[in-house]
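Note that the structure is a prediction, hence the values are computed from the model and not measured.
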Amino acid sequence: MRSLFRSLIIAALMISSCTSTKKGSNSAIGPSFDLQGHRGARGLMPENTIPAMKVAIDHGVTTVELDVVISKDNKVVVSHDPYFNELITTTPEGKHLTKKEAEELVLYQMMYDEIKKYDVGLKPHPNFPKQQKIKVHKPLLSELIDSVEDYAKSKGKSIRYNIEIKSKKSGDGVNHPAPENFSELVLAVIKGKNILNRTTIQSFDIRPLQYIHKAHPVVTLSYLVEKTTQSIEDQFAALGFQPQTYSPNYAILTKEAVAYCHQRKIKVLPWTVNNLSEMNKLIELGVDGIISDYPDLFAQLGVRK
């Protein structure tokens with residue numbers, strides 16, 4: 001009887017283990033899979049703000065993704081657009097902006113003390129109805145890093161950073177400084193905060209990537225790609241070197257591109273993936289991580305920790 005009882009317990013444990021494996025994990029991903037919160041957690045909180053980063057951490061991201069621009073007084077400001085986007089901005093007087101008015105408020109032509117007076121969290125975002133509305137400003141990169149480091153430490157976590165330099169040739173001297181100066185301003189903050197070993201610099205603009213690769217070869221770089229008719233080989237030929245990460249729009253990513261990158265030990269990190277079905281398709285392709293506006297979805301991927 002005792003032997004039969006022992007056998008029944010073992011069988012029950014085996015069934016439970018199998019069931020747990022099916023429900024709670026995905027064999028295609030593991031602890032090294034990079035879960036990135038796009039602009040912090042844009043689907044849940046005002047983008048590129050300190051509260052968005054904290055919410056992303058609460059949802060288990062391994063990396064916070066964000067964008068930076070430069071102010072008139074050479075401060076590194078966390079912002080996706082080089083101007084105040086009309087979809088998210090409230091003026092110091094409490095007014096909303098037209099698109100034309102917003103595009104005239106170029107951050108590179110404004111001192112940071114003036115930039116800080118504008119709110120970017122109260123206006124409801126038409127594309128993100130789940131986004132919580134709070135009063136919040138565009139932070140300095142240094143301010144954001146301090147807050148993320150303190151918050152992550154309080155949660156017993158270490159967070160990585162994926163920072164996009166927002167530049168293009170037509171914007172030189174108008175929306176931002178030249179790529180070399182832009183890059184140096186950003187790297188000075190990162191080095192000053194002692195997070196270089198946990199930071200990736202990304203850009204669609206190959207110029208800052210090329211400059212940093214030559215001037216600061218220890219920096220981890222990610223090549224952002226949106227739409228292209230070039231082959232994967234030609235994309236890297238245009239860049240002129242092999243970055244640590246290839247980060248395309250998920251809609252253009254192919255199995256062949258993933259294989260090409262992995263053969264060269266280049267990680268593949270698609271953006272911006274906002275539903276579970278697409279996430280799972282990309283995982284089956286073998287990607288190394290996912291960037292999403294909705295980090296709350298990551299828990300349903302069953303990443304083993």
Side-chain angles (χ1 to χ4, degrees), residues 34 36 38-40 47-48 63-83 106-110 112 115 138-142 144-145 160-228 230 232 234-249 261 264 266-272 289 291:
D34 196 4
Q36 297 205 7
H38 185 238
R39 306 187 198 178
E47 66 178 61
N48 279 321
T63 303
V64 289
E65 190 271 356
L66 55 132
D67 313 277
V68 291
V69 301
I70 306 298
S71 66
K72 185 176 182 178
D73 47 345
N74 284 331
K75 300 290 182 65
V76 184
V77 183
V78 181
S79 176
H80 176 267
D81 301 296
Y83 50 83
V106 177
L107 303 183
Y108 189 48
Q109 308 300 329
M110 300 172 67
Y112 180 67
I115 292 170
K138 289 182 183 290
L140 292 173
L141 177 60
S142 57
L144 183 143
I145 292 169
R160 297 196 293 268
Y161 299 81
N162 188 9
I163 300 174
E164 180 181 348
I165 289 179
K166 300 297 296 186
S167 65
K168 55 184 179 180
K169 193 171 184 179
S170 62
D172 288 354
V174 178
N175 291 339
H176 50 75
E180 298 82 2
N181 293 339
F182 199 152
S183 300
E184 291 294 347
L185 288 168
V186 174
L187 288 173
V189 175
I190 293 167
K191 291 178 179 179
K193 295 301 179 181
N194 198 31
I195 61 164
L196 186 63
N197 65 332
R198 289 184 280 125
T199 299
T200 295
I201 299 295
Q202 61 176 350
S203 188
F204 291 100
D205 186 352
I206 64 174
R207 299 176 304 154
L209 298 180
Q210 291 169 334
Y211 170 76
I212 294 171
H213 174 66
K214 290 181 180 179
H216 304 275
V218 299
V219 177
T220 300
L221 299 174
S222 178
Y223 182 22
L224 283 167
V225 178
E226 185 169 11
K227 296 177 181 178
T228 181
Q230 291 181 313
I232 187 72
D234 288 343
Q235 290 173 52
F236 285 112
L239 182 61
F241 69 94
Q242 181 173 297
Q244 287 84 355
T245 302
Y246 175 63
S247 191
N249 181 334
C261 289
R264 291 156 180 79
I266 301 170
K267 293 182 179 180
V268 180
L269 189 71
W271 57 270
T272 301
I291 304 174

For this session: Take Phe182 and Tyr211 through the ring pair (Phe, Tyr, Trp, His ring centres under 6.0 Å) test and state the conclusion after the steps.
Result: CA-CA 10 Å; Phe182 199 152; Tyr211 170 76; over 10 Å; no
Exercise. With sequence neighbours left out, what residues match Asn181 under side chain to side chain contact (heavy atoms under 4.5 Å, CB included)?
Worked result: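 With sequence neighbours excluded, Asn181 shows a side chain to side chain contact (heavy atoms under 4.5 Å, CB included) to Pro177, given in chain and number order.
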Please tell me if the side chains of [X] and [Y] come closer than 4.5 Å, counting only heavy atoms from C-beta onward.
X      : Y      : answer
Gln210 : Phe241 : yes
Pro179 : Leu209 : no
Ser79  : Asn48  : no
Met110 : Val77  : no
Tyr108 : Val69  : no
His38  : Glu47  : no
Thr199 : Ile163 : yes
Gln109 : Tyr83  : no

Problem set entry | Sidechain N-carboxylate O distance under 4.0 Å for Asp34, Arg160 |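 Yes.
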For this session: Run through Asp67, Ile291, Leu66 and flag the one making a side chain to side chain contact (heavy atoms under 4.5 Å, CB included) with Arg39.
Result: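 It is Asp67; the other options fail the test.
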Exercise. So among Thr245, Thr200, Ile201, which one has a side chain to side chain contact (heavy atoms under 4.5 Å, CB included) with Leu221?
Worked result: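 Testing each of Thr245, Thr200, Ile201 against Leu221, the sole residue satisfying side chain to side chain contact (heavy atoms under 4.5 Å, CB included) is Ile201.
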Problem set entry | Test item: Ser247 side-chain N/O and Leu269 main-chain N/O as donor-acceptor pair under 3.5 Å |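 Answer holds: yes.
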Problem set entry | Donor-acceptor contact present, side-chain Gln235 to main-chain Gln230, <3.5 Å |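 Yes, Gln235 side chain to Gln230 backbone: donor-acceptor pair under 3.5 Å.
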Problem set entry | Distance-only donor-acceptor check, side chains Asp205 and Ser203, under 3.5 Å |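 Checked: Asp205/Ser203 side chains show no N/O donor-acceptor pair below 3.5 Å.
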For this session: Evaluate whether atom NZ of Lys166 has more than 12 neighbouring non-hydrogen atoms of other residues, nucleotides or ligands under 6.0 angstrom away.
Result: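 Yes.
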Problem set entry | Atom CG of Asn194: over 12 foreign heavy atoms under 6.0 Å |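 Atom CG in Asn194 is not crowded, with 12 or fewer foreign heavy atoms closer than 6.0 Å.
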